[in-house]
Amino acid sequence: MKSILLLPLLLLVQQLSGQFSTQMGIFHSQNVRDSFEIYISTPLAFNRDSVYNLVYYCDANLKSGRHLQELLQSDGYAGKLGHTIFVGIGHIGNYHVLRRRDFILPNINGDDTLARDKNYGH
């Protein structure tokens with residue numbers, strides 16, 4: 001019984017020790033006619049009147065993105081990244097196909113960009 005009561009307390013302490021607050025929302029893109037999970041991590045001392053660096057990262061809902069979010073919760077990054085906002089982009093659904101569409105550059109022909117095919121390199 002004591003361990004059951006201790007677990008929520010430990011989770012609360014762990015959340016309080018984190019250096020960033022992360023919110024997740026869904027964003028729909030009219031360009032690709034698809035929705036994405038968007039993760040926004042702001043420093044706990046976030047101030048709307050301050051200027052922040054902005055870092056975008058891909059695969060926010062996959063292993064690498066979750067690892068970055070875990071790192072942001074560790075105490076060692078507060079001093080180094082305290083003026084940075086992180087925006088993670090995650091695919092919903094078959095990320096193997098969607099990553100090819102979204103993360104691979106199109107061919108460049110002169111001043112024009114051409115998709116390699118309809119599902120690749122947009």
Side-chain angles (χ1 to χ4, degrees):
M1 181 69 170
K2 289 181 185 178
S3 62
I4 293 174
L5 294 175
L6 185 59
L7 183 60
L9 181 60
L10 287 174
L11 291 174
L12 178 63
V13 169
Q14 184 180 15
Q15 288 176 343
L16 291 176
S17 69
Q19 302 302 314
F20 285 77
S21 171
T22 300
Q23 303 288 323
M24 191 278 282
I26 305 293
F27 173 80
H28 184 78
S29 168
Q30 294 294 344
N31 286 344
V32 295
R33 296 178 192 94
D34 205 352
S35 294
F36 299 86
E37 291 182 357
I38 304 296
Y39 296 78
I40 300 176
S41 299
T42 55
L44 288 182
F46 177 75
N47 179 345
R48 290 184 182 271
D49 297 326
S50 295
V51 175
Y52 291 88
N53 299 312
L54 187 59
V55 174
Y56 291 93
Y57 64 99
C58 302
D59 297 334
N61 53 354
L62 298 178
K63 187 176 181 179
S64 61
R66 289 190 304 265
H67 183 66
L68 175 62
Q69 293 165 21
E70 289 171 8
L71 289 174
L72 293 176
Q73 294 306 315
S74 65
D75 293 332
Y77 289 94
K80 297 175 186 174
L81 301 173
H83 284 87
T84 305
I85 296 172
F86 291 85
V87 178
I89 304 161
H91 289 100
I92 300 171
N94 186 351
Y95 68 90
H96 291 288
V97 172
L98 299 173
R99 289 178 90 250
R100 290 184 191 115
R101 178 194 67 194
D102 297 333
F103 298 159
I104 296 174
L105 296 174
N107 291 328
I108 298 175
N109 184 8
D111 293 332
D112 196 12
T113 57
L114 306 168
R116 292 186 176 131
D117 71 41
K118 68 177 186 161
N119 295 315
Y120 189 86
H122 290 270

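Positions are given from 1, in the same order as the sequence printed here. Remember, predicted model here, so these are calculated numbers, not experimental data.
Linking Ile, Leu, Val, Met, Phe, Trp and Tyr residues whenever their side-chain heavy atoms come within less than 4.5 Å places Leu71 and Val55 in a single cluster. Linking ILVMFWY side-chain heavy atoms closer than 4.5 Å, directly or via other members, places Ile89 and Ile85 in a single hydrophobic cluster. In this structure, Ile40 is a member of the same hydrophobic cluster as Leu54, with clusters built from ILVMFWY side-chain heavy atoms closer than 4.5 Å. Both Val32 and Val87 belong to a common hydrophobic cluster when Ile, Leu, Val, Met, Phe, Trp and Tyr are linked at side-chain heavy-atom distances under 4.5 angstrom. Hydrophobic clustering of Ile, Leu, Val, Met, Phe, Trp and Tyr side chains at less than 4.5 Å, counting indirect connections, unites Tyr39 with Leu68.
The closest side-chain heavy-atom distance from Glu70 to Gln73 is not below 4.5 Å. A heavy-atom distance below 4.5 Å is found between the side chains of Leu72 and Leu81. By the 4.5 Å heavy-atom criterion applied to side chains, Thr42 and Phe86 are not counted as neighbours. Side-chain contact between Glu37 and Ile26 is present, with heavy atoms from C-beta onward closer than 4.5 Å.
Nearest heavy atoms, Pro43 versus Phe20: N-CD2, 3.5 Å. Val51 and His83 make their closest contact through O-CD2, 4.1 Å (heavy atoms, listed as atom of the first residue, atom of the second, distance). Minimum heavy-atom separation, His28 to Ser35: ND1-OG, 3.1 Å. Nearest heavy atoms, Leu98 versus Ile92: CD1-O, 3.4 Å. Summarising the geometry of Asp34 relative to Arg101, their closest heavy-atom pair is OD2-NH2, 3.1 Å, with the distance given to 0.1 Å. Nearest heavy-atom pair, Tyr57 versus Gly65, reported as atom, atom and distance to 0.1 Å: CE1-CA, 4.0 Å.
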**OP:** Dump the intermediate steps for side chain to side chain contact (heavy atoms under 4.5 Å, CB included) on Arg99 and His91, then the final yes or no.
**Re:** CA-CA 8 Å; Arg99 289 178 90 250; His91 289 100; 3.9 Å; yes

Original post:
Yes or no on ring pair (Phe, Tyr, Trp, His ring centres under 6.0 Å) for Tyr52 and Phe46, after CA distance, side-chain angles and deciding distance?
Top reply: CA-CA 9 Å; Tyr52 291 88; Phe46 177 75; 5.1 Å; yes

Subject >> Working for side chain to side chain contact (heavy atoms under 4.5 Å, CB included), residues Asp59 and Phe103 >> reply: CA-CA 10 Å; Asp59 297 334; Phe103 298 159; 3.5 Å; yes

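Between the Gln69 side chain and the Ala60 main chain, a donor and an acceptor come within less than 3.5 Å of each other. Remark: side-chain polar atoms of Arg66 are paired, donor with acceptor, to backbone N or O of Asn61 under 3.5 angstrom.
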